[in-house]
Amino acid sequence: MKQIAVIILLFMVGSFTNQVYAQKKDRAVVCFQSDMDCADCENTLYEYLKFEKGVKDLKIDHASNTILIEYVEKKNNDNAFAKAIEKKGYKAKKIDREQYNKIVADTKKQSHEHQTEIHKERN
């Protein structure tokens, strides 16, 4: 009887693991380099992009001027995110994940701080 319970438990755990893997499988990641000036710019983009279709994870950093979006491939695409960023008045230069990681790491090494922030006028 215990063997049957253990087998059922293992089957249930295996099924759950497969479902989690399947959910991650249809996701894509896109990275952009932008031209944010300050934390307000970062917040503006975050509040706007978090409501785009399919967004599952969103990392925006004004110090490194980077944006990372994890999304469901069937619901959105890289070009739509670029257009959404540009619609808010920011640049959206697509970069690969390796470039993104390097930019973020370099920014952390330089200990870039924004104690006084300058707001630039946008066209």
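Everything numeric in this text was worked out from a predicted model, so none of it was measured.
- The distance from atom CG of L49 to atom NZ of K87, rounded to the nearest 0.5 Å, is 11.5 Å.
- Two residues are said to be in side-chain contact when any heavy atoms from C-beta on lie closer than 4.5 Å; I103 and I95 meet this criterion.
- V29 and L58 fall into different hydrophobic clusters, where Ile, Leu, Val, Met, Phe, Trp and Tyr residues are linked whenever their side-chain heavy atoms come under 4.5 Å apart, directly or through other members.
- Within a 6.0 Å radius of NZ in K50, more than 12 heavy atoms belonging to other residues, nucleotides or ligands are found.
- Taking each heavy atom of K88 and T44 in turn, the nearest pair found is CE-CG2, 3.9 Å.
- With salt bridges taken as basic N to acidic carboxylate O contacts below 4.0 Å, one links D57 and K59.
- In this structure the side chain of K56 never reaches within 4.5 angstrom of the side chain of Y71, judged on heavy atoms.
- Distance OG/S34 to NE2/H62: 12.5 Å, rounded to 0.5 Å.
- The minimum heavy-atom distance linking L45 with I60 is given by the pair C-CD1, 3.7 Å.
- Using a 4.5 Å cut-off between side-chain heavy atoms of Ile, Leu, Val, Met, Phe, Trp and Tyr, with links allowed through other members, I85 and V30 fall into the same hydrophobic cluster.
- In this structure, N65 CG and Q33 CD are separated by 7.0 Å, a value rounded to the nearest 0.5 Å.
- Hydrophobic cluster membership differs between V55 and V72, with clusters built from Ile, Leu, Val, Met, Phe, Trp and Tyr side chains linked at under 4.5 angstrom.
- Separation of atoms CD (E70) and SG (C31) is listed at 10.5 Å; rounding is to 0.5 Å.
- Residues E42 and D61 have side chains in contact (heavy-atom distance under 4.5 Å, counting atoms from C-beta outward).
- To the nearest 0.5 Å, the span separating CG on D96 from CD on Q99 amounts to 4.0 Å.
- Side-chain contact between Y90 and I67: absent, with no pair of heavy atoms (C-beta onward) separated by less than 4.5 Å.
- Between the side chain of N76 and the backbone N or O of K53, at least one donor-acceptor pair lies under 3.5 Å.
- Minimum interatomic distance between K91 and D35 (heavy atoms only, all atoms of both residues): N-OD1, 2.9 Å.
- Within the 4.5 Å cutoff, no side-chain heavy atoms of I69 are placed close to those of E52.
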